[in-house]
Amino acid sequence: MYDLIIVGAGPAGLSAAVYGRRAGLDLIVIEQTPMGGGQVVDTYEVDNYLGMPGINGFELGQKFRSHADGLGAVFKSGRVTAVRDEGERKIVETADGASYEARTLILAGGAEHAKLGVPGEEEYRGQGVSYCATCDGAFFKKRDVAVVGGGDVAVEDAVYLSRFCNKVYLIHRRDSLRAAKSLQEKLFSCENAEIIWNSTLQRIKGTDLVEGISIRQNGEDTERELAVEGVFLAVGMRPNTEIYRGTVACDERGYLLAGEDCATSVPGIFAAGDIRTKALRQIVTAVSDGACAVASAAQYLRL
Ligand code: NDP
């Protein structure tokens, strides 16, 4: 029986591993993807993590992981399929049939890309439809592409793609962007980027690969065609909490209900990072949660 099992190896989980090891806890980290790192590894450039301006996301994710590794955190790979609360004993099961037990859990499984649900989205996934510009952008050098969304990710993606694509359309459903002002300014200065305001994506078309999209301006009946070969969807995130519903209380959007101390509705189970209810989902707030969750877990273990 471990003191602590951390589910997830993004910034929150890895920060929890660092704080947990330094607190002398016997812990394991269950990571779904080999070498972990979470969403940050798909980010081209992180410009707001204190002390590391402009660092590449993959590099930052690897730094986080090797920090935890260097302190003796033990990593197990697997996709967690169930978590059971038996009071003093928490059980975590993975898809490969493994089962682990601990006195406390920190759930740090983050969130994943939301789907738009338009015709062609599923069909052309990987054939021109992508949720990660950093991962797939290079396939579209000198091509015309579209990005959908108006948040940090959409604007960051559009700026990144404009560096090597021929033309980038940013399609946003409103007349103002949600993204940080500094990112907006970067986008406004890109000569080959065009923002299509008040418009929504209706369908993605093609033969074997994406060849174009139809968009519709709010309030209009007619659709307009755009010839693009890549469509990057950046319309927000959904928390990875399906397996915890019924065990741990969630809010109406599915995030695990937990405050600054990361304590959930279940004593001994803590939630850290993008998976929990919070105002600002950033690397720095995830890292902070990892520390707070360990402090709460250590306090619980002393009871
Ligand atoms: P956000 O929720 O911030 O933005 C989602 C965008 O998609 C919004 O502009 C929203 O429009 C639009 N949208 C949502 N649903 C639809 C729909 N059905 N049709 C059309 N448009 C839709 O998500 P992001 O993925 O951009 O960012 C997630 C989190 O990660 C944020 O908290 C962000 O700040 C953070 N982040 C942090 C970074 C960093 O630390 N450097 C980098 C990137 C992201 P509307 O505006 O109208 O609601």
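Counting starts at 1 for both ligands and their atoms, following the listed order. The structure presented is a predicted model; accordingly, all values stated were derived computationally and were not measured.
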Discussion item. Just to be sure I understand the cut-off, which residues have at least one non-hydrogen atom under 4.0 angstrom from an atom of ligand 1?
Written reply: Asn48, Leu116, Gly149, Gly150, Gly151, Asp152, Val153, Glu156, His172, Arg173, Arg174, Arg178, Ala234, Val235, Gly236, Met237, Arg281, Gln282

Just by distance, with hydrogens left out, do [X] and [Y] show a side-chain donor and acceptor under 3.5 Å apart?
{"X": "Glu31", "Y": "Thr33", "answer": "no"}
{"X": "Thr285", "Y": "Arg281", "answer": "no"}
{"X": "Thr207", "Y": "Glu211", "answer": "yes"}

Discussion item. Does anything in residues 225-239 form a side-chain hydrogen bond (donor to acceptor under 3.5 Å, both in side chains)? List the pairs, not counting sequence neighbours.
Written reply: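 Sorted result for residues 225-239: Arg143-Glu229, Lys205-Glu225, Ser214-Glu225.
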
Let me have the donor-acceptor pairs involving side chains of residues 167-175, under 3.5 Å, with sequence neighbours excluded, atom names and distances please.
unit_1: Lys167; atom_1: NZ; unit_2: Glu194; atom_2: OE1; d: 2.9
unit_1: His172; atom_1: NE2; unit_2: Ser176; atom_2: O; d: 2.8
unit_1: Arg174; atom_1: NH1; unit_2: Ser176; atom_2: OG; d: 3.3

Discussion item. Can you list everything that forms a disulfide bond (SG atoms under 2.5 Å apart) with Cys132? Sequence neighbours excluded, please.
Written reply: Cys135

